A.B. asks: 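Below is the structure I would like to discuss, written out as structure tokens.
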Amino acid sequence: MAGEHRLLLRNAQQLVLVCTEGEKYLLQAGMHSLALLRKASLVIGTDGCVKAVGHADAIHQQFSDASFEKIIDCSGKCVLPGLVDAHTHPVWAGDRVHEFAMKLAGDSYMDIHQAGGGIHFTVEHTQRASEEELFSTFKHRLLRMLRAGTTLVECKSGYGLNLETELKMLKVIERARRLLDINISSTYCGAHSVPKGKTATEATDDIIINHLPKLKELDLNKEIHVNNIDVFCEKGVFDLNCTRRILQAGKNMGLQINFHGDELHPMKSAELGAELGAQAISHLEEISDEGISAMARAKCAAVLLPTTAYMLRLKQPQARKMLKEGVIVALGSDFNPNAYCYSMPMVMHLACVNMKMSMKEALVAATINAAYALGRSNTHGSIEIGKEGDIIIINSSRWEHLIYQFGGHQELIEYVIVKGKVIYKNERVMGY
Ligand SMILES: N=CN[C@@H](CCC(=O)O)C(=O)O
Ligand SMILES: [Zn+2]
């Protein structure tokens, strides 16, 4: 095939496609037969999408007359799809390292929250921060995520709670979406906590009467585009009824439902999400058996967050049971001031060790299934012809090293590529 193309990745030792039939997600059986090629090459076109993928000799022959803006020799290396992080809170001011010390000394997440710390602490600092300051720290965090292999990330608001600060956060997310290479799915999370001085019902009314119509107006004016709506459905935060009202109002204006549920207490959030047609529910440490069946039937993704259970010493989400029952399992880092982890390789490792997932299951959960949780698996999450050319190259002859080398991704990930363009080239890669 003659013509000009953007990128040729030549002769990878392993090229992990994840899937090959345009699947929107993979269930347990599909996860086990992870699609992978050996001695393979990949071509990305000038539109940034995958043009061809196959055995190195076949691609060499097929593209013998073609020219490429860039060629990378991948001999001895592995090529994988860019990782997808399905749950983060990356826009905020005021870290909570002092609370980490309190938690290590025995305070629970809710003790700290109810004493006015936790989310409230971050809200106070975020309300005071300028848009510039928030953008600058957010950009830095996104670059760290990118260097850890994430090419599509969900980003929530939720440390504003009042309309003015929620909009400030969403503007910052919109600006990053327009300026930076990393792909972003943006989430309005104005119901992340009940603002001081309001009841949960008053906060719910404020969101439905004031926040959501403003978001709709800004969307129509093409100023801010939001993809998902989120609520922290939890005892002492938003109950099932308030959660239902907010999520339904968001759905009515075209947002995908993607919310926090059944984290610290069993709330029947999973059952509610399945009933409302949620795209995804996160956490689910306290999900009921009925909730698991309902999510499986509704094709509602479970976004499991291994860092939360690890940091807060909670019981682990029942990943094995969910997989067995046919739930679509995805992963997220939950990056936030409580769980300061931006690395999906680390998250996959924790999912394997603490949630007993296999490495194949963890990789699928951090690629195609995480993309499904964001409604983006038609364009992201696997290496297939026509999908966006978002790729990572690791300096290892077996892809599993990305999970096995706990905390080693900084030396292992050699290239991060978005739409066929090298966004990051790691000069520290030395081999193993
Ligand atoms: N649980 C609610 N929200 C976050 C924590 C946010 C925070 O503590 O700042 C989570 O997903 O873990
Ligand atoms: Zn969260």
Side-chain angles (χ1 to χ4, degrees), residues 85-100 102-103 107-127 129 134 137-138 141 153-161 165-166 169 173 185-195 200 228-239 243 246 257-267 269 273 278 280-287 301-317 330-342 347 350 370 373-374:
D85 187 343
H87 184 130
T88 79
H89 304 254
V91 184
W92 45 266
D95 72 57
R96 308 215 300 260
V97 67
H98 59 289
E99 289 184 2
F100 182 46
M102 289 161 71
K103 280 174 270 193
D107 284 352
S108 77
Y109 181 81
M110 265 305 167
D111 291 340
I112 296 171
H113 182 82
Q114 270 150 6
I119 296 176
H120 300 295
F121 177 90
T122 309
V123 166
E124 276 164 31
H125 285 75
T126 307
Q127 286 181 348
L134 290 176
T137 48
F138 176 43
R141 289 167 195 153
V153 57
E154 185 262 8
C155 299
K156 300 176 194 296
S157 69
Y159 293 117
L161 308 185
T165 315
E166 284 298 309
M169 295 181 75
I173 296 172
S185 178
S186 135
T187 301
Y188 164 74
C189 186
H192 194 198
S193 185
V194 178
N228 316 292
I229 182 146
D230 193 349
V231 174
F232 186 14
C233 178
E234 181 56 56
K235 192 170 159 196
V237 191
F238 289 93
D239 66 14
T243 303
I246 296 168
I257 297 177
N258 187 329
F259 71 110
H260 293 69
D262 295 328
E263 177 186 354
L264 304 169
H265 299 93
M267 298 289 293
S269 310
I281 308 173
S282 289
H283 283 294
L284 301 167
E285 286 83 353
E286 298 287 344
I287 193 172
V303 179
L304 305 184
L305 307 170
T307 61
T308 323
Y310 170 74
M311 290 283 302
L312 300 179
R313 298 177 174 142
L314 304 177
K315 80 177 192 206
Q316 297 290 329
L331 288 171
S333 70
D334 196 17
F335 175 84
N336 76 71
N338 173 60
Y340 203 111
C341 173
Y342 52 84
V347 166
L350 289 173
L374 305 179

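In each ligand, atom 1 is the first atom listed, and ligand 1 is the first ligand listed. Only a predicted model underlies this, so the values are computations on that prediction, with no experimental measurement involved.
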A.B. asks: Donor-acceptor pair, distance only, cut-off 3.5 Å: does the side chain of Ser269 make one with the backbone of Asp262?
C.D. replies: yes
A.B. asks: For Asn338, counting its heavy atoms only, list the atoms of ligand 1 lying under 4.0 Å from any of them.
C.D. replies: 8 (O)
A.B. asks: Would you say Glu166's side chain and Leu161's backbone share a donor-acceptor pair under 3.5 angstrom?
C.D. replies: yes
A.B. asks: Say whether His192, considering both its backbone and side-chain N or O atoms, lies within less than 3.5 Å of an N or O atom on ligand 1.
C.D. replies: yes
A.B. asks: Only heavy atoms of His89, strictly under 4.0 Å: list the atoms of ligand 1 that pass.
C.D. replies: 3 (N), 4 (C), 10 (C), 11 (O)
A.B. asks: Counting heavy atoms only, which of Phe232, Phe121, Tyr159 comes nearest to atom 6 (C) of ligand 1?
C.D. replies: Tyr159
A.B. asks: Between His283 and ligand 1, which part of the residue brings a heavy atom under 4.0 Å of the ligand: side chain, backbone, both or neither?
C.D. replies: side chain
A.B. asks: Compare all side-chain heavy atoms of Thr137 with those of Trp92 and state whether any distance is below 4.5 angstrom.
C.D. replies: no
A.B. asks: Within the side chain of Glu263, is there an N or O that forms a donor-acceptor pair under 3.5 Å with the backbone of Glu285?
C.D. replies: no
A.B. asks: Does a donor on one side chain and an acceptor on the other come within less than 3.5 Å for His192 and Asp230?
C.D. replies: no
A.B. asks: Side-chain contact test, heavy atoms from C-beta onward, threshold under 4.5 Å: evaluate it for Val347 versus Cys341 and give yes or no.
C.D. replies: yes
A.B. asks: Would you say Thr308 has any N or O atom under 3.5 Å from an N or O of ligand 1, going by distance alone?
C.D. replies: no
A.B. asks: Which ligand 1 atoms does Arg96 reach within 4.0 Å, using its non-hydrogen atoms?
C.D. replies: 7 (C), 8 (O), 9 (O)
A.B. asks: Can you find an N/O atom of Glu263 closer than 3.5 Å to an N/O atom of ligand 1?
C.D. replies: yes
A.B. asks: Out of Tyr109, Trp92, Phe335, indicate the one that has the non-hydrogen atom closest to atom 5 (C) of ligand 1.
C.D. replies: Tyr109
A.B. asks: Going by the order shown, which atoms of ligand 1 are within less than 4.0 Å of some heavy atom of Asp334?
C.D. replies: 10 (C), 11 (O), 12 (O)
A.B. asks: For N/O/S atoms only: which one belongs to His89 and is nearest the Zn ion (ligand 2)?
C.D. replies: NE2
A.B. asks: At the Zn ion (ligand 2), what's the angle from His260 NE2 to His87 NE2, rounded to 10 degrees?
C.D. replies: 100°
A.B. asks: Checking Asp107 side chain against Ile112 main chain: does a donor-acceptor pair fall under 3.5 Å?
C.D. replies: no
